[in-house]
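Beneath this line is the structure, given in structure tokens, with notes to follow.
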Amino acid sequence: VGDAPVPVPVPVPAGKAKSLTFLVLSPTQATAAVTEDAEFRSMLKANGIGVYGITTQAKQDANPKFAGITSPAIVLQDIGANVIAVFPLTTLESANAFVTKYIK
């Protein structure tokens, strides 16, 4: 009799996240090769990762979570929108390697 037991949360391994947002700060034509790559986007989607872009420095500056991040950059956020990792957005290969270590 009484309330059902509260489930114990399963700990997430260090460096991993249950839900990620792939955020691109100040996307440019140069970053489009990464962010618009169909295979890369499919991999992100298959792992439950949303992809978003902040297109202006003013929008980036308006969010204190992104203070001090040099654009363009990949910002991974957890389900609570906390920044868990930042990486300069340079090539598709480096972006893929960076994101993969947080989902596998």
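Along the sequence shown, the residues carry numbers beginning at 1.
- Summarising the geometry of Val34 relative to Phe40, their closest heavy-atom pair is O-CD2, 3.5 Å, with the distance given to 0.1 Å.
- Atom CG of residue Leu89 and atom CD1 of residue Ile74 lie 5.0 Å apart, to the nearest 0.5 angstrom.
- Here the closest heavy-atom approach between residue Met43 and residue Val99 is recorded as CE-CG1, 4.3 Å.
- The side chain to side chain contact (heavy atoms under 4.5 Å, CB included) check on Val83 picks up Lys65, Phe66, Val75, Gln77, Val86, with sequence neighbours excluded.
- Annotation: side chain of Phe98 is in contact with side chain of Leu76 (closest heavy-atom distance under 4.5 Å).
- A heavy-atom distance below 4.5 Å is not found between the side chains of Thr91 and Asn96.
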